[in-house]
Structure formats: C-alpha cells, structure tokens
Amino acid sequence: MSGTPKSLAQRWREEFHRLEAECPWAGPRPQSRERDGEAGYRFVAREGETAHFLNTVSENTLVVYHGESGAGKSTLLDVGLVDTLVASDYAPLVWRKWGLLGEQDPEQFLTTRLRESEQLHPEVVAELDTGRTLLDVLDELYGDRVVLILDQFEHLIRSRSRGFNGMVDWLLKVNRGRQARVVVSLRSEYVYQLARLMKSAKPFTTAYLELRAMDRPHQIEEVILAPRRSGKESITEKAAAELMRQWSLAAGLQGGSPDLRNSDAQRKASWAEAPKLLAVQACLYSLNLAARVRTGGTTAEVDLVDVEKMVMDAKAASLRRQDELDIFRYGFDLAIE
C-alpha cells in the first residue's frame with residue numbers, strides 16, 4: 001500500500017544511499033559492479049595483481065586467494081578480475097553469501113543460488129532442467145574454462161557448521177575428478193582452516209595467492225585524486241596534498257613525505273602501520289560530508305580548511321578518549337556515525 005509508513009530501516013537505507021550517491025568516493029565499503037558501475041574512476045587499477053591472478057588461475061585448478069581485512073579482495077574480484085577472466089575466455093561464477101548453506105548438499109546449494117542470481121547461461125539452465133548435475137553440465141559445456149569463485153569464505157568458516165566440512169569434501173571431489181577451476185577467497189587469518197583441503201588436493205594443482213593491501217603512497221594518492229582527475233568536483237589540490245601529508249605521517253614516513261623511495265624500510269624503523277585503504281575511503285567520505293555542510297550544497301569540493309579542521313577534531317577526540325587518533329581513524333568513526 002502506498003500509504004504505509006516507511007520503517008526506520010527503510011528510511012535509514014534510503015538516506016544512506018542518497019548520501020553515498022552524492023559522494024565522489026566509495027566510502028567505507030567494498031566496491032561492487034552494481035553500486036560503482038557508473039563510477040569506474042573509483043576503482044584504482046591493479047594491473048600487476050590482476051595479471052598475477054590470471055596466471056595463477058590458468059596454471060592451477062584450486063587457488064586460495066587471501067589478504068588482510070580491507071585489502072580489497074572482493075572489490076578486485078567484482079570490479080576487475082571477473083572482467084579479466086571473461087576477456088581471457090573463462091566463464092567465472094561468483095558466490096559469496098553462505099548464511100543459508102547449513103547442511104545442504106553444496107552442489108545443490110550453489111546450483112540453486114547461481115540460478116537465482118541469473119549467472120548461469122541459458123544452455124546450462126536448459127541442461128539442468130533435464131535433471132543433470134551442475135558439474136556434469138559445466139564439464140561438458142566449458143571444460144576447464146569455468147572458474148567457480150567462492151568469495152568471503154571466512155563467513156562459512158565462522159559459522160562452525162557442518163556446512164564447512166561438507167563444502168571442503170565437495171571441493172576435494174571437484175579438484176580430483178572435475179575440470180572446473182575453483183578460487184576460494186577469504187581473509188588471511190582464516191587460511192590455516194583450509195589446511196585439510198590443500199593437503200588432500202591433487203598434487204601440483206593448488207596455489208596460495210595473497211593480495212597485498214594498498215599501502216603505497218602512490219596508490220593512496222591515486223585513490224584521493226581519482227575523482228578530480230576524472231573531472232568530478234571532489235577535492236582541491238592543496239587539500240589533497242595535506243591529506244597525503246597526514247597519511248604519510250600516520251604511516252611513519254619521515255617528515256610526512258610521501259615521496260621517499262625507501263618507504264617500507266622507513267616504516268619498519270618507526271614501527272608505524274600505514275592507515276588501511278578502508279580508513280582512507282571513510283575519511284574522504286566524512287570530509288565530503290563536512291564540505292557539503294560547510295557550503296550548504298548537495299555537492300562540494302573538499303578544501304584545505306576541511307582537512308585542517310578534521311585534524312584538529314581528531315586531536316581533540318584523542319585527548320577525550322585518551323587514545324591516539326589520526327585523521328583517518330577519526331574519519332572512519334565519523335563515517336560510521
């Protein structure tokens with residue numbers, strides 16, 4: 001009914017999407033084809049990592065793709081790697097929601113979910129309708145050109161259900177007797193949980209592939225400036241330079257300079273950890289909102305005054321909380337609020 005009042009959750013969701021749509025940066029979340037398809041400039045290409053991923057998948061049939069939380073695994077998969085696989089004549093099938101697996105047969109579960117998500121080619125669906133199994137059909141129609149990508153696999157591990165053991169058994173069956181290639185994507189801290197899978201797989205068919213976090217100065221600079229370089233109203237040159245200086249200070253680079261060639265060695269010497277990409281995106285999101293509040297507009301350019309004010313606010317919050325907050329940790333908290 002059109003007259004039914006919207007729930008608090010509905011109103012919150014609509015307001016969130018409105019705020020997000022007006023921000024030139026992605027904010028504190030993974031990027032996706034669905035939500036960022038019209039803002040491709042947000043995705044900072046990782047040509048080296050993409051080529052390495054493609055080579056690894058082409059040489060192995062079972063790949064564990066891992067990285068620390070916020071490294072950008074799901075973003076790179078959804079926005080970059082799927083297209084790369086397609087361009088290389090592979091047929092990628094991606095699934096990342098494990099809450100309903102339970103004790104279902106893994107193949108039947110994936111068959112149902114992939115059909116519902118409309119990822120399966122009509123020829124595959126037609127064969128399934130005759131009663132054939134998914135793996136039989138994929139073997140016949142694609143051979144070794146199909147890549148089954150199981151993303152956010154740590155959620156299945158954390159559930160501590162029989163579903164995880166059943167999925168491992170099924171993946172071993174795929175590895176030993178089928179042509180499909182499998183990529184299991186998860187956070188690095190959960191990789192040890194896949195020891196049985198990797199040890200029991202066919203010899204010379206497996207590989208580990210780590211995605212390193214985006215923590216190089218030139219990568220962070222590209223994230224900050226990508227909208228500006230694409231002609232979007234986003235951030236002034238002085239504000240971007242100051243934000244980069246603040247990132248370099250937080251990362252432990254000498255003098256806050258992002259231009260040091262030996263940045264890794266300098267960071268190790270200072271025992272500082274570079275702010276995560278997710279924190280940088282969250283900070284940019286908060287700065288954009290602050291600029292809009294300052295100007296009273298639906299869009300606004302982040303200025304030096306916005307960055308300097310947030311630096312001061314972060315210092316004040318540090319004193320109140322008795323905890324050292326840089327502008328990125330503080331900006332992340334603001335984005336969540």
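Quick caveat: nothing in here was measured; it's all calculated off a predicted structure.
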Return the set of residues passing side-chain hydrogen bond (donor to acceptor under 3.5 Å, both in side chains) with Ser88 (not counting sequence neighbours), or none when no residue passes.
none
Quick one: [atom1] on [X] to [atom2] on [Y], what's the gap to the nearest 0.5 Å?
X	Y	atom1	atom2	answer
Leu325	Tyr330	CG	OH	9.0 Å
Leu138	Glu127	CG	CD	11.0 Å
Arg212	Glu210	CZ	CD	9.0 Å
Tyr142	His121	OH	NE2	6.0 Å
Leu120	Leu93	CG	CG	6.0 Å
Gln152	Arg96	CD	CZ	5.5 Å

Side-chain heavy-atom pair [X], [Y] within 4.5 angstrom cut-off:
X	Y	answer
Val64	Thr206	no
Pro28	Gln281	no
Leu101	Leu156	yes
Ile235	Pro227	no

Taking it one step at a time, do Cys283 and Ile327 satisfy side chain to side chain contact (heavy atoms under 4.5 Å, CB included)?
CA-CA 7 Å; Cys283 182; Ile327 185 176; 3.8 Å; yes
If you look at every heavy atom in [X] and [Y], which pair is closest and at what distance?
X	Y	answer
Asn288	Ala300	ND2-O, 3.8 Å
Val57	Val147	CG1-CG2, 4.1 Å
Ser286	Ala335	OG-N, 3.2 Å
Tyr90	Leu54	CE1-CD1, 4.1 Å
Trp247	Leu253	CZ3-CD1, 4.2 Å
Glu49	Leu76	CB-CD2, 4.3 Å

Any side-chain to backbone donor/acceptor pair from [X] onto [Y]? Under 3.5 Å, distance only.
X	Y	result
Trp95	Leu110	no
Ser318	Glu324	no
Glu242	Leu304	no

Using 4.0 Å as the upper bound for N to carboxylate O, is an ion pair formed by [Y] and [X]?
X	Y	result
Lys276	Asp215	no
Asp306	Arg294	yes
Asp323	Arg320	no
Lys309	Asp313	yes
Arg132	Glu140	yes
Arg115	Asp129	yes
Arg181	Asp144	yes
Arg196	Asp169	yes

Can a donor-acceptor pair be found between the side chains of [X] and [Y] at a distance below 3.5 Å?
X	Y	answer
Ser74	Asp151	yes
Ser58	Asn55	no
Thr299	Glu233	yes

Hydrophobic cluster membership, [X] vs [Y], 4.5 Å side-chain cutoff:
X	Y	result
Val223	Leu278	no
Leu284	Val305	no
Phe332	Leu287	no
Leu209	Phe204	no
Val302	Met312	no

Glu118, CD: over 12 other non-hydrogen atoms inside 6.0 angstrom
no
Please assess Arg229 against Glu222 for the test salt bridge (charged side-chain N to carboxylate O under 4.0 Å, His left out), listing each intermediate value before the final yes or no.
CA-CA 9 Å; Arg229 290 171 176 170; Glu222 181 64 25; 2.6 Å; yes
Step by step, would you call Val307 with Arg245 a side chain to side chain contact (heavy atoms under 4.5 Å, CB included)?
CA-CA 11 Å; Val307 178; Arg245 193 179 77 85; over 6 Å; no
Apply side chain to side chain contact (heavy atoms under 4.5 Å, CB included) to Val137 and Leu128, showing your working.
CA-CA 7 Å; Val137 176; Leu128 292 175; 4.2 Å; yes
Carefully, step by step, assess Val182 and Ile149 under the rule side chain to side chain contact (heavy atoms under 4.5 Å, CB included).
CA-CA 6 Å; Val182 176; Ile149 301 173; over 6 Å; no
Centres of the Phe153 and Trp98 rings: under 6.0 Å?
yes
Summary of ring-ring contact (aromatic ring centres under 6.0 Å, His included) pairs that have at least one residue in residues 62-89, sequence neighbours excluded
Phe53-Tyr65
